[in-house]
Amino acid sequence: METFPFLNQLLQFLVTGLTVGAIYAMVAIGFNIIYNVTEIINLAQGEFVMLGGLVMVSVHTSLGLPLLLAFPVTVLVVTLVGVLLDRLAIRPIRKPSVMTLIIATVAASIIIKGLAMIIWGKSPYDLPAFSGRTPIDIGGVIIQPQYLWVIGFLVAVAVGLTLFFNRTILGKAMGACADNPDAARLVGINVRHMVLLSFALSAAIGAVAGLTLTPIALMDYDRGAMLAIKGFGAAILGGLGSFPGAILGGLILGLIESLSAGMLASGYKDAYALIILLAVLFIRPSGILGNLEVTRFKRF
Amino acid sequence: MLRIRKAPMLAGALLILVFPWIASRVPAISHYPDLMVFAGVYALITIGLSLLMGYAGQISLGHAAFFGIGAYVSGVLTTQYGVNAWLAMLLGALAAAVVAVAIGAPSLKLRGHYLAMATLAFGIIINIVFREEARWTGGPDGMVGISGLTVFGYALDSAGKYYYLVWGIVAAVFLFTVNLIQSPTGRALRAIHASEAASAAMGIPIARYKVIVFTFSAVLAALAGSLYAHYMNFINPATFDLFFSIKLIIMIALGGMHSIWGAIIGAIIVAFLSLEWLHYFEEFEIVVYGAVLLLVTIFLPEGLSGAPAKLMARMRR
């Protein structure tokens, strides 16, 4: 395949772009779960991803727990942080408004980030890849086995959430809160529990994204904000609140980032995704699969 | 706050005027005028930001970028193109205004968190530009050799002299803003904050007012940036990062976003916290900031400037 170096390179960018995009998609799904139930944009979403990676480092590498055990322990720890976020930062606010909620999640995110810096220090950590680092070579395009894990987890999360929201009473109750919290309360759904559950669920998905990303891109305490804003970009691109939109938006954003960083100035790698975010906000704020008319009826 | 009383303003002005003299008599606080220069620079930004947050009900998570635009326009134009410092300052403010309209006009038409997210993204992009365009900005290491300011040939070459320049500008901006709040524009802004639907029904062009306030706050931030650059003689991208935008939010929340006094009190407290008092906490510094912000949001949503009224109400009960 040496005759098509350009095509090979392009395919390589596509592969890495889809992988990174799958991570953004998971962060975007986390945004949507909380947004749908509470209409809060949780700016601490990226910290869940960062914690997922770093807690996994401690549990798997430092404590030596096997992968199959370290995985659920990490997800559980981060889920607990999500629960604490709701109980300690969101619920105590007496007069919630867009502004106070944004400020509260920003405050929570820098507290989590600061604590992570104290616990793990400033240096980045690596994790062993789940099934080794022997690359799979398909016609000159290199695929790390970990890439497949990332895509696989995105599929698992998507399928799991679809089943959860469509087939279980709990999932349907959460959906009802998203449609109309007052009506949900009237039919006997405990909205507070649903809000708590949404934070727990979205923290768990963030943790999964973080611990699968770490073997590819390392992890340090300072990564949360950038992951959050890119995940939000993916959510906006697909249409805020839409799960298929989050996946579509994440993958497109990952592809654009990978291709533009490869073809244009790579120093601006982080800027491209944000420029896309601004462009979507300005041109079509409802995103690809969203509906602006619906967002007009949201409280915030 | 509908009326701003004259007595506290006079008292504040007097305190600002005599403070360097007091500081020079007390060795323990002899370096405080230097800290107060930074506090004044921050106060210029927070006055505009508190108008945006407290009166227009919008939040910006990217004001560090406008601060940076002012600083870098001043730095680059004066060191590399020999432009007059005051003209460069004006051009920096103009650049910030153009950018603010471009960012604000589309996102302020939408509701809720859109301006927050747009400014957050914008702030990070601008910071990346500061780091990457090393030909002009010196990259991550920053740029040195930015000259001091002179007024009609008189060099403002000490903290004491610069103090009066910065706080003179703060006082002028403060007076202007107080008048603005009490003008029809200020009433329109309060109406928008209370209810967008009602004020739209009254014929107030909501989006236009919000863009005006956002642009005003950006211009003030750029002005502060120019003053900062000429005082420090050195700037680097780390000064204008996301964390500084968050620090500005902390200043506003701590001081109280519904009062212009709150903006100044918050700016002074955070300036002293970050430059003097929080050094003891070292690594914990960022956690302390987060905790302060969260506690104020939960327990003191009116900020420190709202605390006396709250206390009085409780005592009367």
Side-chain angles (χ1 to χ4, degrees), chain A residues 35 39-41 43 88-95 97-115 117-118 121-122 221 225-226 228-230 232-233 236 240 265 267-278 281-283 285-286 292 295-296 298-300, chain B residues 52-54 57-59 61 102-103 105-107 109-129 131-134 139 193 241-243 245-247 249-250 252-253 257 281-299 301:
Chain A
Y35 177 77
E39 291 168 26
I40 295 171
I41 297 297
L43 285 162
L88 299 180
I90 305 297
R91 204 184 286 182
I93 294 177
R94 268 158 292 182
K95 281 187 227 154
S97 67
V98 193
M99 200 171 340
T100 50
L101 290 171
I102 288 177
I103 293 176
T105 59
V106 165
S109 81
I110 65 175
I111 292 174
I112 296 174
K113 175 177 148 179
L115 291 176
M117 185 181 81
I118 290 160
K122 290 184 178 174
Y221 81 102
M226 194 58 94
I229 183 82
K230 285 182 186 169
F232 179 78
I236 281 280
L240 201 54
Y268 280 99
K269 179 177 154 290
D270 286 330
Y272 298 119
L274 303 181
I275 292 168
I276 300 290
L277 163 61
L278 283 182
L281 278 180
F282 296 166
I283 298 163
S286 51
L292 194 62
T295 59
R296 281 194 208 283
K298 294 280 184 184
R299 274 176 302 156
F300 297 142
Chain B
L52 182 70
M53 285 171 68
Q58 293 287 327
I59 186 169
L61 295 174
I103 297 287
S107 37
K109 274 191 212 127
L110 304 160
R111 288 179 57 204
H113 38 253
Y114 285 99
L115 184 74
M117 300 315 281
T119 49
L120 178 57
F122 162 72
I124 298 175
I125 293 172
I126 292 294
N127 200 260
I128 294 173
V129 172
R131 282 172 203 279
E132 290 300 318
E133 296 302 320
H193 190 34
D241 62 0
L242 173 61
F243 188 55
S245 290
I246 296 176
K247 259 192 191 171
I249 304 295
I250 298 176
I252 303 278
M257 64 183 75
F281 287 98
E282 289 173 3
E283 304 274 274
F284 282 89
E285 187 184 340
I286 181 168
V287 183
V288 174
Y289 279 121
V292 166
L293 186 56
L294 191 58
L295 291 174
V296 167
T297 308
I298 294 172
F299 296 109

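In this text, all values refer to a predicted model and were calculated from it rather than measured experimentally. In what follows, every heavy atom counts, from backbone to side chain, and hydrogens, waters and symmetry copies are set aside. Each chain gets a letter, A, B and so on, in the order its sequence line appears, and its residues count up from 1.
Only the side chain of A/F232 comes within less than 4.5 Å of a heavy atom in chain B; its backbone stays farther off. Looking at A/I229, the atoms closer than 4.5 Å to chain B (heavy atoms on both sides) all sit in the side chain, from C-beta outward. Looking at B/L295, neither its backbone nor its side chain comes within 4.5 Å of chain A, counting heavy atoms on both sides. Interface residue B/A102: only backbone heavy atoms are found under 4.5 Å from chain A. Heavy-atom distances place both the backbone and the side chain of B/M53 under 4.5 Å from chain A. The part of B/I249 that comes within reach of chain A is its side chain, from C-beta onward, which places non-hydrogen atoms under 4.5 angstrom from that chain. Interface residue A/K113: only side-chain heavy atoms are found under 4.5 Å from chain B. At a 4.5 Å heavy-atom cutoff, B/V288 makes no contact with chain A through either its backbone or its side chain. For A/L277, the part lying under 4.5 angstrom from a heavy atom of chain B is the side chain only. In this structure, the portions of B/F284 lying under 4.5 Å from any heavy atom of chain A include both its backbone and its side chain.
Residues A/I40 and A/Y35 fail the side-chain proximity criterion, which asks for heavy atoms closer than 4.5 Å.
Among A/L88, A/I118, A/I112, the residue with the largest count of heavy-atom pairs under 4.5 Å with chain B is A/I118. Contact tally against chain B (heavy-atom pairs below 4.5 Å) for A/I103, A/I93, A/D270, A/L43: the top residue is A/I103. Ranked by heavy-atom pairs under 4.5 Å with chain A, the first of B/L242, B/V129, B/L61 is B/V129. Most heavy-atom pairs under 4.5 Å with chain B: of the set A/A225, A/G267, A/A104, this distinction falls to A/G267.
Atom-to-atom distance recorded for A/I110:CD1 and A/T105:OG1 is 11.0 Å, nearest 0.5 angstrom. Within the model, atoms OH of A/Y268 and CZ of B/R131 stand 12.0 Å from one another, a figure rounded to the nearest 0.5 Å. For the atom pair OG1 (A/T100) and CD1 (B/I59), the distance works out to 9.0 Å, reported to the nearest 0.5 Å.
Minimum interatomic distance between A/M117 and A/K122 (heavy atoms only, all atoms of both residues): SD-CE, 3.5 Å. Between A/A271 and B/I128, the closest heavy-atom pair is N-CD1, 3.7 Å.
Judged purely by atom type and a 3.5 angstrom limit, B/S107 has no side-chain atom pairing as donor or acceptor with the backbone of B/A118.
Each of B/I246, B/L294, B/I250 was compared with B/Y289 under the side chain to side chain contact (heavy atoms under 4.5 Å, CB included) criterion, and only B/I250 meets it. The side chain to side chain contact (heavy atoms under 4.5 Å, CB included) test with B/V296 is passed by exactly one of B/V292, B/I298, B/L293: B/V292.
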